[in-house]
Amino acid sequence: MRTTTVVIGAGQSGLAMSRCLSDRSIDHVVLERGEVANSWRTERWDSLRLLTPNWQCRLPAYSYDGADPDGFMTMPEVIEFITNYAKVISAPVQSGTTITSVRYLDGGYSVLTDQGEWHCQTVVVATGAFNVPHVPAFAEAIPSSVTTLTPMQYRNVEQLGEGAVMVVGASATGVQIAAEIQRSDREVTLAVGEHVRGPRTYRDRDIHWWMEATGVLDERYDEVDDIVRARRVPSMQLAGSDERATFDLNALTSMGVKLVGRFAGVNDGQAQFSGSLCNKCELADLKLGRLLNTIDEWVTANGLDDSVSPPHRFAPTTVDPASPLSLDLASGEIETIIWATGFRPDYSWLDVEVLDGKGMIRHDGGVVDCPGMYVLGSPFLRRRKSSFIDGACADAQELIIELTAYLDRQASSA
Ligand SMILES: Cc1cc2nc3c(=O)[nH]c(=O)nc-3n(C[C@H](O)[C@H](O)[C@H](O)COP(=O)(O)OP(=O)(O)OC[C@H]3O[C@@H](n4cnc5c(N)ncnc54)[C@H](O)[C@@H]3O)c2cc1C
């Protein structure tokens, strides 16, 4: 089978690109191993809601138009939103098709799937950035009496025994799961490493509204000092709820969650925690202060001080200076550990020399280091919001220009 462009993955990124390709009448197919919005259907826990507000769900030529722009979609709503997009744009999705190999051959690509082979001039990798949960190597030393789960295995508290739970990692996933389990009357310990503190609302507006208005979410990859570092920044401690609640560490502590430092290793059945908890929290408080300063300066510069409530600062994160540095995992005190320690992409099917030592695709703003290959949906691909639903729109609209220029160059040199 032959086409001009093969798009791999029918999440928001692949579909956004499909719409851009159709706009330019570029012949293409979107290959998807599951169904449209597969990651949202199969890889998320039951209670998850988007942490981005509904009004920020925007894709090329499509956006949320329901009655609750300031609300946060549940998973069934996200699946419906994305599935409907595929229909509205008549995306040529071939579902149930797993890509097993992509090779660069004779100036084009061979895309091998479990449903046959495709040949094309250009490939768009839209397989997502969060395919595989990252679990530290020392997890192997956890005593077998402790049940361990990744966020992709965790669905709801019904899966858990009645005993205490340790959640490792305090980014969006970790704080949301820790809060849910604490609400079920189980004891929860949260191991806290580097994290990004965020209030749900500030000065009468949602924090995402402010981050968009001030340009923080649109900051570009070629404008930041250290893009490698920027691409590794953990997600902000946010959750979507009707109450617009804040999910920072102070909120969790007041619910009863116990904080310990970063889970650094296991020695003789003892979990070892870093002594850096206070420092990590101070740093997160400092960075939150900087974000609020940016917002306040923007409000003043735009003459809006009278239209929103006055600036204020949140209480510093309260940390128990006597939080334990170790915990006996063999004692039965902790029954379950949940690794909310991040996700990685899976490019095991990519037989093109474009991966760096960490298994990440080498690219310049989505233009991959191999002619005619593009990637979408990675953290800070072109802008801070790149891995959000809203980021797929802007990135796809820029990458289509690169892809079209490549096809034009190929045509003129043929
Ligand atoms: C827990 C969690 C919460 C999130 N919350 C938000 C949020 O609130 N707001 C927001 O804007 N973003 C959020 N995101 C980030 C982002 O929007 C999602 O990760 C989103 O799924 C990424 O869309 P995508 O199209 O880039 O990738 P995906 O949705 O992962 O789509 C990739 C597709 O590629 C397919 N695929 C993968 N490998 C193959 C293969 N070999 N062959 C064929 N098909 C393949 C997959 O089945 C999948 O359908 C969240 C992410 C996570 C992990």
Side-chain angles (χ1 to χ4, degrees), residues 51-52 166-179 182 188-217 219 224-226 229-241 243-264 273-300 305 308-325 340-342 379-380 384-385:
L51 54 77
T52 43
M166 175 155 60
V167 178
V168 186
S171 296
T173 296
V175 296
Q176 291 180 31
I177 292 179
Q182 180 70 40
V188 178
T189 300
L190 180 64
V192 180
E194 185 189 348
H195 58 277
V196 181
R197 185 178 177 192
R200 183 71 262 180
T201 53
Y202 177 62
R203 299 186 75 179
D204 315 329
R205 303 276 161 89
D206 192 271
I207 194 69
H208 264 256
W209 190 92
W210 287 119
M211 290 201 294
E212 174 161 312
T214 54
V216 170
L217 286 174
E219 202 177 353
V224 291
D225 292 339
D226 183 351
R229 163 104 193 98
R231 285 182 172 145
R232 282 203 217 117
V233 170
S235 56
M236 191 179 258
Q237 292 168 334
L238 284 180
S241 68
E243 304 76 32
R244 314 194 73 75
T246 289
F247 278 72
D248 64 8
L249 297 180
N250 282 349
L252 265 73
T253 309
S254 66
M255 293 170 72
V257 173
K258 289 186 217 141
L259 306 183
V260 292
R262 191 174 64 86
F263 193 172
F273 305 115
S274 150
S276 63
L277 178 59
C278 286
N279 289 347
K280 295 282 186 228
C281 293
E282 275 169 24
L283 193 62
D285 289 349
L286 192 81
K287 288 188 178 163
L288 171 60
R290 280 195 213 133
L291 174 63
L292 301 183
N293 289 346
T294 302
I295 294 170
D296 295 339
E297 282 158 21
W298 182 88
V299 170
T300 303
D305 273 296
V308 286
S309 58
H312 64 93
R313 291 296 173 261
F314 298 88
T317 306
T318 310
V319 177
D320 177 0
S323 75
L325 293 176
T341 31
F380 228 132
R384 196 177 294 279
K385 67 181 179 186

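Being a predicted model, the structure only gives us computed values, none of them experimental.
- The two residues Pro234 and His195 have their closest heavy-atom pair at CG-CA, 4.4 Å.
- A salt bridge is defined here as a Lys NZ or Arg NE, NH1 or NH2 lying under 4.0 Å from an Asp or Glu carboxylate O, and Arg203 with Asp296 meets this definition.
- Side-chain contact check for Met236 versus Met211: some heavy-atom pair is nearer than 4.5 Å.
- In this structure, Glu194 CD and Lys287 NZ are separated by 5.5 Å, a value rounded to the nearest 0.5 Å.
- Taken to the nearest 0.5 Å, the CD atom of Gln182 stands 14.5 Å off from the CD1 atom of Ile177.
- In this structure, CG in Asp226 is found 8.0 Å from CZ in Arg232, a value given to the nearest 0.5 Å.
- Scanning all heavy atoms of the two residues, the minimum distance from Val216 to Leu291 falls at CG2-CD1, 4.2 Å.
- The shortest side-chain heavy-atom distance between Arg200 and Asp206 falls under the 4.5 Å cut-off.
- A 4.5 Å side-chain heavy-atom check between Thr317 and Thr253 finds every atom pair outside the cut-off.
- Side-chain atoms of Leu292 and Arg313, non-hydrogen and from C-beta on, do get closer than 4.5 Å to each other.
- Here the closest heavy-atom approach between residue Ala178 and residue Leu252 is recorded as CB-CD2, 3.9 Å.
- Inter-residue side-chain proximity for Ser254 and Thr318 is flagged as unmet; no heavy-atom pair is nearer than 4.5 Å.
- Checking side-chain atoms of Gln237 against main-chain N and O of Ala170 turns up a donor-acceptor pair under 3.5 Å.
- Ser323 has its side chain out of reach of Leu259: every pair of non-hydrogen atoms, C-beta onward, lies at least 4.5 Å apart.
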- Task: Kindly determine whether Leu283 and Asn279 satisfy side chain to side chain contact (heavy atoms under 4.5 Å, CB included), including the steps that lead there.
- Result: CA-CA 6 Å; Leu283 193 62; Asn279 289 347; over 6 Å; no

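- Side chain of Asn250 to backbone of Pro316: a donor-acceptor contact under 3.5 angstrom is found.
- Inter-residue side-chain proximity for Trp210 and Val308 is flagged as met; some heavy-atom pair is nearer than 4.5 Å.
- Taking CG of Leu190 as the reference point, atom CE of Met166 lies at 10.0 Å (rounded to 0.5 Å).
- In terms of heavy-atom proximity, Trp298 sits nearest to Ala213 at NE1-O, 3.3 Å.
- Inter-residue side-chain proximity for Leu249 and Arg197 is flagged as unmet; no heavy-atom pair is nearer than 4.5 Å.
- Distance alone, capped at 3.5 Å, is enough to place a donor-acceptor pair between the Arg231 side chain and the Phe380 backbone.
- Without hydrogens or angle criteria, Gln176 side chain to Leu238 main chain gives a donor-acceptor distance under 3.5 Å.
- Separation of atoms SG (Cys278) and CG (Asp285) is listed at 10.5 Å; rounding is to 0.5 Å.
- The two residues Pro324 and Phe273 make their nearest non-hydrogen contact at O-CD1, 3.6 Å.
- Across every non-hydrogen atom of Ser276 and Ser274, the tightest pair is OG-OG, 2.6 Å.
- The line from OG1 of Thr246 to CZ of Phe314 is 6.0 Å long, rounded to the nearest 0.5 Å.
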